[in-house]
Each structure stands twice: as C-alpha cells, then as structure tokens.
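These notes are about the structure you will find just below.
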Number of protein chains: 2
Amino acid sequence: MTASAVKSRKEFGKTLAVDITHRLRQDIVACRLKPGEPLKFDALKLAFGASFTTLREALTSLTADGLVVAEEQRGFRVAPVTSDDLIDITQTRILIEIELLSRSIANGGDDWEIAVMSTLHRLGRIEERLPGNHVENPEWQIAHRQFHEALVSCGRSPTLLGIRTSLFERAERYRNLSAMFRPQPRDKVGEHRAIMQAAIARDTNLATSLIDQHIRSTSDNVVKYASHLLTES
Amino acid sequence: MTASAVKSRKEFGKTLAVDITHRLRQDIVACRLKPGEPLKFDALKLAFGASFTTLREALTSLTADGLVVAEEQRGFRVAPVTSDDLIDITQTRILIEIELLSRSIANGGDDWEIAVMSTLHRLGRIEERLPGNHVENPEWQIAHRQFHEALVSCGRSPTLLGIRTSLFERAERYRNLSAMFRPQPRDKVGEHRAIMQAAIARDTNLATSLIDQHIRSTSDNVVKYASHLLTES
DNA sequence: ATAGGACATATTTTCGAAAATATATTCTGC
DNA sequence: GCAGAATATATTTTCGAAAATATGTCCTAT
C-alpha cells in the first residue's frame, strides 16, 4: 500500500474521521490505492495514523459513495473497476447531468454565466501552461471539476447535486486509470468551449447534447486505453 | 426517545453495525424517531445496546442516505422534514423512476410481467383485508414497496436502483408523517392497477406519465395533511 | 441588571485492548 | 499421499475508558 503519508491533521474537516474520509477518497480516486486492493486496518493505521474505529467510520462513508466495498466479517477493499460499472456510471451521469444542466440554463442568472465563463477561462490558461498530458495534474483536475460544477450549479436540487458529485468522483477514478496509459490527451478545450457557449446562449438542446457526447466520449476513451485493467466483459 | 427496543441481535446483517443501521433506518422512516430529534449516544446506547463506536458507524451510514444529519463536534440528529426537501425528493424520484421504468419496460421479460402482476395482486388482497387506513400497516408497506420494486426491477443499473431505493425510503418517511393525520386514505388501488396495465402493455409513455402523476399526487397529499409539520417556505 | 469570563457539566470523538470471526497451518487417520 | 479435523495465526469487529470539545452555570465588574 502506498497511501498518502500522515499529513497535517484536520486538513479537510473538523473531525479526524471526516478528514481521513477525504484523504482516503482522494487516494482512491487518484488510484494511489489500486482498484480491488484490500484495505487492511493494520496498514491503514500505519498510513493514516488513526485508530480502528476512526478508520472504520471513514471506510463506511466511502462504501456509501461506491468507492469502497465492504464484505461483512471480511473487511473492506477498494471498489473494483469493471466495464459494467463504467457503463452504469456513464449512463447515470448522462441522465443526471442533462437534468441539472437544463435546470441551470433555465434558472441561472448573470452570476452563473460569469462563473461558467471564468472557470472555463482558468481551465484554458492552465492547459496552455501545462505541456502534454495535463489530465493527471491536480491543478487541471480541480479547474476541470470547477468548470463542470459551475455549469450545473443552478440546478437547485441538493439531492441531484450530491448524486452528481458522487458520480463525478467515481468517473474521475476511471479517467485517472486511463490517463496512465494514454500517450497524448485528446483536445478537450474545444468541447468545453462549445458546451459553455451553448449554455450561455440558453440553447438547452444543444448544450445537453454536447454534454452527452462529452461524457460518452470520455468514457469511450477509458475503455480504449484502460480496457486491459477492467475485469468482466 | 422511543426507539425500537433491543430485539434479537443480528436480524438483518452479519455485523452488529449493519444490523443497527437497518433498525435505526426503520425507526427513522417510521417516524418513531422524530424529524429533527437529536440522536444522543447515551440514549441510543440504552435503546440499542451497542457501544459508541458501533452506533457511530450506523449513524454515518444513515447520514449518507439522507436520513440523518451530522454536525461535526455537535453530534447527529434525525434529518428534519421540510417543504424544500420534499419537493427535491419528489422531483428527483420522478426523474429516476421514469428512467428505470422505461428501461424495465424495454428489458423486462415474462418473469418481469409475472412479478409486476403478482406483487400488485398481493397488494390488492392486503388492502381488501385491512379496513381503513392501511398505509401505516407494515404488511401493506412491504407489499407496496415490492410492487414498485418489481416495476423497475429490470432497469439494469445498480447505481440508479440504489439511488431509487434511498429516495423511496426518504419519501416513505414523509408518507408516514402525513398518514398520522389523514382521516381516510385515498384509493390508490386504481392508480396502481393502471400503472401495471400500461407497463405490461409496454406503453412507455402512458406508464411513465402515470408514475409521474402517482408520485406527484402522493407528495401533494403529504403537503395537504402534514404541512404543519414541515419547516421552511 | 447585564455582559463577559471562569469554572463545572454534558456530550462527542478518539483510542487501544479484548472478543469474535475468518484464514492458514499442522496433525491425524486412512 | 491426501482429505478432513484440530490447532494456531491473522484480521476484523466490538467494547468501555480516556481525551477533546461543546454547553450550561455561576461569579464578578461595570
């Protein structure tokens, strides 16, 4: 196990359990903890410097997020990556993302337009600055996530937004998996710009259609470059 | 606090924590634990006969389900019931349920048709047998849940089905809330039958439209009879 | 009388040991 | 030599005490 070392405590949350939940989540999404890998308490204790109980609480949280699977009396493991799971996540994301984007286009005001444009601008600048494969770069990932968050930020449904966040992270794990084996990233700057323009123009049909394609092609790319890592058909 | 007393251990799961999660969930959905009520460890320990740690794990699970809210360093409480939350749940349920029902109609075979018909039949028999307000009856609730589960059972998406189950439970809590104040239940047997017939006839548009109305009117009924219990707006 | 601080109490959060369970190893009988 | 029981080891799960934090009460100064 090569998890993140013991950093400064309480980086993300007030309680240690919440903090460790976030750190474990990051390690899993970034594939520093490999899919299917058993999460044994002795090793976790060493890596995160917390007790059984606290780690157990964190793992329980992540189980609900679909990033960890629990086998009763047999411990926890990082959720495996499978073709079926990727397809499931992709189709569900498309459904949720289209709904939230439609609502945002209907509800969003000036602030929303500004947020969408500025997060895209930042993403573009980062891509200019970073040569080659920027997908695995943390700075790019944050900016990328923020752009997509801005797009749906006026969806006005805490429930849907929560589901979306969870699915986005599960999908990001697959993206990170394929990034390890992709020689050059496909040019997504054009895709993102087109989505932004359609959204700002309040063209719901076009914007949702572009998002659909965007999510779908991202998923296809994972299959293309990481299929040898996915179990099942 | 009037939670379920200490029953036979390990009724639902192999581990105590999973078992207590289920029992706590039932108590919350049935409103035996009231919305907004603080969930203090001393009281829970007494009611469920488990230690801090085990209870903590259960509460963390339920927080992910949206039935419990956690305020860091200030403990847990039963999720409050609000108009906004009910609206959010209702709209999200409609989206998810329509998607799953459409897929089931497309995918379902003979076994699916049989499951839909037989679960509806059982529901009808139970309604005949039980006089008056059967909504709060556990037997009716199980049969009702099983009918709706059968309808969407061929949706072929573990993720969507999981989300659906979680939303169904959150909505059931609101139904139980309004059932306390509803003098006579509206006749739902006709609605359920119409949904079944449209589904079996593979009339996706009609079936999804009926499900939409069904969920919407259930939600309206909650507002009608329990609005005085909902905070906000 | 009241705001602010110091103390006391209540409650949550974390820990490491003990119990329960699963996995690996050894031993026995055939 | 091998299957199956018996034992030993590894790991998870649960517990109650101890630490950390929040809440309530009392006292003092203005």
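Order of the sequence lines fixes the chain letters, A, B, ..., with proteins taken first and strands second; residue numbering starts at 1 for each chain.
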Donor-acceptor pair, distance only, cut-off 3.5 Å: does the side chain of B:E37 make one with the backbone of B:K34? yes
Which nucleotide sits closest to the side chain of A:R56: D:dA22, D:dT13, C:dT12? D:dT13
Within the side chain of A:S104, is there an N or O that forms a donor-acceptor pair under 3.5 Å with the backbone of A:L101? no
Residue closer to the 5' end of DNA chain C, B:F41 versus A:S51 (nearest nucleotide): B:F41
If you look at every strand shown and take non-hydrogen atoms under 4.0 Å, does B:F52 touch a base, only sugar-phosphate, or nothing? base
In whole Å, what is the span from the CZ atom of A:F76 to the P atom of C:dT21? 16 Å
From CD of B:E72 over to C1' of C:dT11, roughly how many Å is that when rounded to an integer? 16 Å
Selected nucleotide, minimal atom distance to A:L16 side chain, candidates D:dT11, C:dT11, C:dT14: C:dT14
From D:dT21, D:dC15, D:dT11, nucleotide with atom closest to A:D42 side chain: D:dT11
Between C1' on D:dT21 and CD on B:E71, what's the gap in Å once rounded to a whole number? 14 Å
Could you tell me the separation between the CG atom of B:L46 and the P atom of D:dG16, rounded to a whole number of Å? 13 Å
D:dT11 C1' sits how many Å from A:L59 CG, rounded? 14 Å
Whole angstrom value for the distance that separates P of D:dT11 from CZ of A:R77: 13 Å
When we call it a touch if two heavy atoms are under 4.0 Å apart, what does A:T54 touch: a base, just sugar-phosphate, or nothing? sugar-phosphate
For B:T54, the side chain to side chain donor-acceptor pair (under 3.5 Å) test, sequence neighbours excluded, returns B:S51
For a 4.5 angstrom cut-off between non-hydrogen side-chain atoms, does B:L67 reach B:L24? no
Ignoring backbone atoms, test whether B:R74 places a side-chain nitrogen or oxygen under 4.0 Å from the OP1 or OP2 oxygen of D:dT23. yes
From the list D:dT21, C:dC15, D:dT12, which nucleotide is the closest neighbour of the side chain of A:K40? D:dT12
Whole Å only: how far is the CG atom of A:L44 from the P atom of D:dA10? 18 Å
Salt bridge between A:D65 and A:R170, side-chain N to carboxylate O under 4.0 Å? no
Figure out the CD/P separation between A:E57 and C:dT12, and round it to whole Å. 13 Å
